[in-house]
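Here it is, the structure in full.
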Amino acid sequence: MRHPLCTDDKKSDMPEGPSTIILAEAIHQFKGKKILTAAGIADIDMDLLPGHKLTDIKTFGKNTLLCLPGNKTIRIHLMMFGSYEIDSEKDRKPKLCLTFANGYVCFYTCIVEWLEGNPDDFYDWSADIMHKKWSTAKAKKKLLEKPEAYICDTLLNQEIFAGVGNIIKNEGLFLGRIHPETKVGAIPAARLIKLINKTREYTFNFLKWKKAGELKKRWLVYTKKKCPVCDSPLEKKYTGTTKRRTFFCSNCQEKFK
DNA sequence: CCGGTTGTTCAGCG
DNA sequence: GCGCTGAACAACCG
């Protein structure tokens, strides 16, 4: 069964930050509940789980953090192909399956690992584009430390924009009207701020539209053929050192030199 | 059946 | 010992 919030696609997963929020919300029903059993093929000590309460569920970028007493945390990352099921199973061995009195959740094809210590020591929340503590100023500062980097690569850098994935990168660059192959150092400060703000704004729209099942029809450039502004053909290119698929309008998106 | 991908890690290099 | 990068990996769709 697919989570009712995920009506946009055939898969219940989706790896960018907003989808991680949807995952966290989907398992919120287990927060504060005791783990009854833990099983799966993940290479972790499952015996440490049963009997403990799931004290909190946090997210950092594309990571889902299952918090247990004593500063123990399980990190789950769906990567590109991960998925999860609630109160149902796939015809495949789960990496991790947790049961509670009120239901169970299974995670497939993902990273599952123990984090020892407080998540606050692992993660800088101000780098999470969806977090309350997000800091535009810090992101700008980190960008300015990489003047020679292509802007398309830096948007995928999880130390700067945790939660941003390739779709958000594409749409953010278009909304900020910046050419993906522009070097960071060439972008005027005001345009850099505009790009960051537009990207963040789009990330929250991504969440809203995905929940409403209308994410794909809201795409302006990702997988599109024509520019929604000037109607000229979009370019499709594997840009930057990350060589990730990028759709852009070389007419509307400015390339500073 | 094959090619492509919403992501990350790590071996191997300079 | 670093920083960079290409390869490897994963499941599912068209």
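Residue numbers begin at 1 in each chain, while the letters A, B, ... track the order of the sequences. Values below: every heavy atom of this structure, side chains too, minus hydrogens, waters and symmetry copies.
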Rounded to the Å, how far apart are A:Asn63 CG and B:dT6 C1'?
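Distance, rounded to whole Å: 15 Å.
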Distance check: side-chain N/O of A:Arg244 vs OP1/OP2 of B:dT5, anything under 4.0 Å?
no
Please determine if A:Arg218 and A:Glu171 form a salt bridge, counting it only when a charged side-chain N lies under 4.0 Å from a carboxylate O.
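Result for this pair is no, no salt bridge flagged.
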Is the Lys NZ or Arg CZ of A:Lys90 less than 6.0 Å from the centre of A:Tyr108's six-membered ring, within 45° of the axis?
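Judged by the rule (NZ or CZ under 6.0 Å from the ring centre, within 45° of its axis), A:Lys90 counts as positioned above A:Tyr108.
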In the strands shown, is C:dC2 matched to any nucleotide by a Watson-Crick or G-U wobble pair with both distances under 3.5 Å, and which?
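Pairing partner, where one exists within any strand: B:dG14.
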Does B:dT8 have OP1 or OP2 sitting under 4.0 Å from an N or O in the side chain of A:His77?
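It does, given that an N or O in the side chain of A:His77 lies less than 4.0 Å from OP1 or OP2 of B:dT8.
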Shortest side-chain distance from A:Arg92, nucleotide among C:dA11, B:dT6, B:dT8
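For the A:Arg92 side chain, the nearest candidate turns out to be C:dA11.
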Value in whole Å for how far the C1' atom of B:dT6 lies from CD1 of A:Ile168:
9 Å
Given B:dG7, B:dT6, C:dT5, the nucleotide with the shortest approach to the side chain of A:Arg245:
B:dT6
Are the side chains of A:Phe30 and A:Asn102 in touch, meaning some heavy atoms are under 4.5 Å apart?
yes
Does A:Tyr108 make a side-chain N or O approach to OP1 or OP2 of C:dA11 shorter than 4.0 Å?
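No, A:Tyr108 has no side-chain N/O under 4.0 Å of OP1/OP2 on C:dA11.
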Co-membership, hydrophobic cluster, residues A:Ile35 and A:Leu115, 4.5 Å side-chain:
no
So does A:Lys58 have more than 12 non-hydrogen atoms from other groups sitting under 6.0 Å from NZ?
yes
Contact list please: residues 145-160 of chain A against DNA chain C, heavy atoms, distance less than 4.0 Å, in numerical order.
none
Please report the distance, rounded to the nearest Å, between CD in A:Glu113 and P in B:dT8.
13 Å
Determine: side-chain N/O of A:Lys62 to OP1/OP2 of B:dG7, distance under 4.0 Å, yes or no.
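For A:Lys62, the contact criterion (side-chain N or O under 4.0 Å from OP1 or OP2 of B:dG7) is met.
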B:dT8 P sits how many Å from A:Lys169 NZ, rounded?
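Taking NZ of A:Lys169 and P of B:dT8, I get 13 Å after rounding.
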Reckon A:Tyr238 has a side-chain N or O less than 4.0 Å from the OP1 or OP2 of B:dT5?
yes
Would you please classify the geometry between the A:Phe60 ring and the A:Trp125 ring as parallel, tilted or perpendicular, with 30° and 60° separating the classes?
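Aromatic pair A:Trp125/A:Phe60 classed perpendicular.
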Let me know the distance between CD1 of A:Ile111 and C1' of C:dA10, rounded to the nearest Å.
11 Å
d(OH, A:Tyr84; C1', C:dA11) in whole Å
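It is 16 Å, rounded to the nearest whole Å.
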Establish, for the pair A:Arg245 and A:Phe247, whether the NZ or CZ atom is under 6.0 angstrom from the six-membered ring centre and no further than 45 degrees off its axis.
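Because its charged atom misses either the 6.0 Å distance or the 45° angle limit, A:Arg245 does not stack over A:Phe247.
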Measure CZ/A:Phe81 against P/C:dC9 and give the value in whole Å, please.
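For the pair A:Phe81 CZ and C:dC9 P, the rounded distance is 13 Å.
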Which nucleotide in the set C:dC12, C:dT5, B:dT6 lies at the smallest distance from any side-chain heavy atom of A:Thr241?
C:dT5
Does the side chain of A:Lys243 get closer than 4.0 angstrom to OP1 or OP2 of C:dC4 through an N or O atom?
no
A:Lys146 atom NZ, over 12 foreign heavy atoms within 6.0 Å:
no
A:Phe161 has an atom CZ; how far is it from atom P of B:dT8, in whole Å?
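In whole Å, B:dT8 P and A:Phe161 CZ are 14 Å from each other.
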